[in-house]
Amino acid sequence: MRAIRNFAIIAHIDHGKSTLADRLIERCGGLAAREMASQVLDSLAIERERGITIKAQSVRLVYGAGDGSRYQLNLIDTPGHVDFAYEVSRSLAACEGALLIVDASQGVEAQRVANCYSAAAQGLEIIPVLNKIDLPAAEPGRVAAEIEDLIGIDAHEALHVSAKTGEGVEAVLEALVSRVPPPGGDSDAPLQALIIDSWFDSYVGVVSLVRIKSGTLAKGERIRVMSTGGAWQATRIGCFTPRRTDTERLECGEVGFVIAGIKDIDGAPVGDTITHAERPAGKPLPGFEALKPRVFSGLFPADASAFENLREALAKLRLNDAALAYEPETSGALGFGFRCGFLGRLHMEIVQERLEGEYGLDLISTAPSVVYRVTTESGEAREFENPADLPARSEIAKVEEPVIRASILTPHEFVGPVIGLCEAKRGRQQSLLYHTGQVSLAYDLPLAEVVLDFFDQLKSVSRGFASFDYGPARFEEAPLVRLDVLINHERVDALSLIVHKDDAFARGRELVDRLRELIPRQMFEVAIQAALGGQIIARASVKALRKNVTAKCYGGDITRKRKLLEKQKEGKKRMKRLGKVELPQSAFLAVLQSRRDP
Amino acid sequence: MAKCPYCDFNSHVAPQVVPERAWRESLIADLDFELARRPAASPLAAIFLGGGTPSLLAPETFAALFEQLAERLDFGETTEITLEANPCTIERGRFAEYRAAGINRVSLGVQSLDDAMLKRLGRIHSAREAIDAAGELHAAAIENFNIDLMHGLPGQNAAAALSDISQALALSPAHLSWYELTLEPGTVFYRRPPNLPDEDDLAAIESAGRAAIVERGYRRYEVSAYARPGRTCRHNDNYWCFGDYLGLGPGAHGKRSEAGRIVRTARIRSPTRWQRLAGSDQAVYEREIAPRERPFEFMLGALRRTGGFTWAEFEARTGCRRASIRRTVNGALADGLLMSADGAVRATTRGLLFLNELQERFLPTY
């Protein structure tokens, strides 16, 4: 155990985490050079495409240190986006130390502050690393001061690294050995293995990434998942180098995988404790709080006959994504689909991309929404995940919406616009502190505004420099109303949204205008209206096409004409037909685009 | 000679001296290849010498060609033989000779009678030349001629379009093809679109133009085709009716029905390669039209005709039962895009305006 070091890397998306991880793997000989597909940690296609990490992953490295000893270094990778903050905390629970990577040319960002606070709260040794030191714009002195100021850790001895050139990588490995404490735990005690992550592999079933907190686990032993009580045989155990490598045992303090023939990730929930069936531990490890989806959206197949395919695809994704929730939903406009719950906008987009990219589904999604708690006049309280389901105004005594505490870091020059944005989003300022390089702001913001477009707008008003993190939500009462959209005088349930009553007229106007731009001209005029209760508050119309006919058709090649009509037909397939009106898929997300940049 | 910026035909620059004899021989070889694959030939209703500038060939060449044709096919005085011609090229003094060779109809590519507009369209003839060409046709006793006229031209308004129409009809053609300028992919105009009239202006041009043409005694029998009584273009009408036709020469398309099969044919596009390979199957591409594709292909032409089609024609030409498209037809009838009267099914006025929407409904579903 003395030769084991478990560590995480805390870094912003483009601050160079994956590149540094690659360097560490390369230096320790985990993969031959020809196997080093760039950024081996980000294995899901989407993670690679977007340069972000979603699932926790681990790599075991063997490092021959300067003191002549060989050390086992377990890198537990953490996701880098606020939607997956929860997954960060569970990765940290498996570690005794963390590398905090900060881009020496940019500085600290809000999420990293949050991650560091939780790392520090868990008693981890944090080693600051200033990366991209090779860039001409690097300002290691300023950034080190900022780390001390904002995070409150000693950054005097921050390591200067260029993951790109390899400079300073050796010093990182030495620091891990000398500064991160070895894991504790009693190897003779009953087994307690913390499940850091579980995923579904179509060949072997559920694979669980575990950290042995006490005892040891050997291949073939009978194990018990403590919350479910399910007993299984650990048919395979091992570690990632980063290739999956079988071993005979996992010792106390080690990180590795367990395969026990479990067919469903709910059979090995993240945060649960695995123990021996015959000699069980007295109690489970503390674990983590349960995941709750916070953002909801309806997903409907563009082609109604693909409903079952969508159900199957969601079930398959769910195998690997315990945070994804879904239940059948019927929409008057969109037919049969599913109301899905996500951790946040990014999670939502990733799920949609995977459904379309990996499962070949053509989907229509409705604008993201949050959970509203409605108390009716009769005193009954209910939660609604779908704006269209909200009862009539006359029946509602009060509506509560989720509100989050947002932490924002921004360079001084953007403070004004950032405050302006937060105020426009119905935010209430809680604190404002000036630091050397940046200003930290705390705002209470309605989650509904955050999930709509807050992040994009924050980036836009701060030219990409402001950063943002938020914690759990609480409910607060607000004067909210349901805004409906009527197309040719029929309410389209999938377009309903909940807005603050003071914003209702402006939002209705914007939405109607945006829909007018999105709906193509058709054979008939299309009337678009926004309504509050029975009152029409905004209207617009899409003029009818005058004609659609090809002027010339003589003895030549008919294939071109055929292609034209096939293309026309294909275009309609991507539209949703409501009565006689063809609505493009983008119309259902019009609300996301209806606001002009402030 | 230059290519017009709106034209997407198979066009090639001709050599200084056109090897006319070789061309004729290749055409006959091409014909023999095709005839061998057709059932006993029915009388030839029409010959169309077109798609570009066939008048590059001399009248004697055509005379010799028709002689060889007559040895193989049943055709005579009543067969419509159309030559496509431009008002500027060498054929103008030769109309009488063409007439003597057997050509009894000419389609003249006038396009506009406004010199400024002709220039913008990249045409190399003038309005004067067009007017003279029409006079020469009358003088050569080719009264049966068509004028191709475009509308919806860059910067055009209804008054300008009407002026073009009245000048064109003053030349007393038997037939007028009045069609809207379309930006075809692969053309100069498509890459750099000119400033065209907007939808509302186009609609105004069309309704005014159509009324003016009809008032002068021309009947609209197809989306863009107008004719004096008895002067419809038999060749085109056969094409629109899903009839069979032989397509000979580089880039030419044809269609033939055999027992239970309908085949579209196309010749290779390169003139030099075609000349070398004519008469062999290497000059030809063939594609069979599967039964499920036929209703759509039938409707592509038939619904362009103001007279539409009869069910008997549909069944005879496609070999499909009317039941196979009854639901689609009923839907379009209910939506007011089709009408059924006097034993014929035809597009309504609205159906003709939205013909692409109507025809799309007949695409086979996969």
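By the 4.5 Å heavy-atom criterion applied to side chains, A:Leu545 and B:Phe354 are counted as neighbours. Here the side chains of A:Thr550 and B:Gln359 are not in contact, with every heavy-atom distance at 4.5 Å or above. Residues A:Lys552 and B:Leu181 fail the side-chain proximity criterion, which asks for heavy atoms closer than 4.5 Å.
The heavy-atom pair separating A:Lys569 from B:Leu363 by the smallest distance is NZ-O, 3.5 Å. Pairing each heavy atom of B:Leu300 with each of A:Ile558, the nearest pair is CD1-CD1, 3.7 Å.
For A:Glu356, there are no salt bridge (charged side-chain N to carboxylate O under 4.0 Å, His left out) partners two or more places apart in sequence or in a different chain. In this structure, the salt bridge (charged side-chain N to carboxylate O under 4.0 Å, His left out) partners of A:Arg318, at least two apart in sequence or on a different chain, are A:Asp266.
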Requested in this report: Verify side chain to side chain contact (heavy atoms under 4.5 Å, CB included) between A:Lys572 and B:Glu357, making sure each step is shown before the conclusion.
Outcome: CA-CA 11 Å; A:Lys572 284 184 192 160; B:Glu357 305 273 348; 2.5 Å; yes
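Between the side chain of A:Arg546 and the main chain of B:Asp201, no donor-acceptor pair closer than 3.5 Å is present. Judged by distance alone, the side chain of B:Ser224 and the main-chain N or O of A:Ala551 form a donor-acceptor pair under 3.5 Å.
Residues B:Glu180 and A:Lys547 are paired through a salt bridge, judged by an N-O separation under 4.0 Å between the basic side chain and the carboxylate. Using a cut-off of 4.0 Å between Lys/Arg side-chain N and Asp/Glu carboxylate O, A:Arg562 and B:Glu360 are scored as not salt-bridged.
With a 4.5 Å cut-off on non-hydrogen atoms, B:Trp178 does not touch chain A at all. Looking at B:Arg361, neither its backbone nor its side chain comes within 4.5 Å of chain A, counting heavy atoms on both sides.
In terms of non-hydrogen atom pairs under 4.5 Å with chain A, the most contact-rich of B:Leu352, B:Leu353, B:Asn356, B:Leu202 is B:Asn356. The greatest number of non-hydrogen atom pairs below 4.5 Å with chain B, out of A:Arg521, A:Lys543, A:Lys580, is found for A:Arg521.
Aromatic ring orientation, B:Tyr179 versus A:Tyr554: perpendicular (interplanar angle above 60°, classes split at 30° and 60°).
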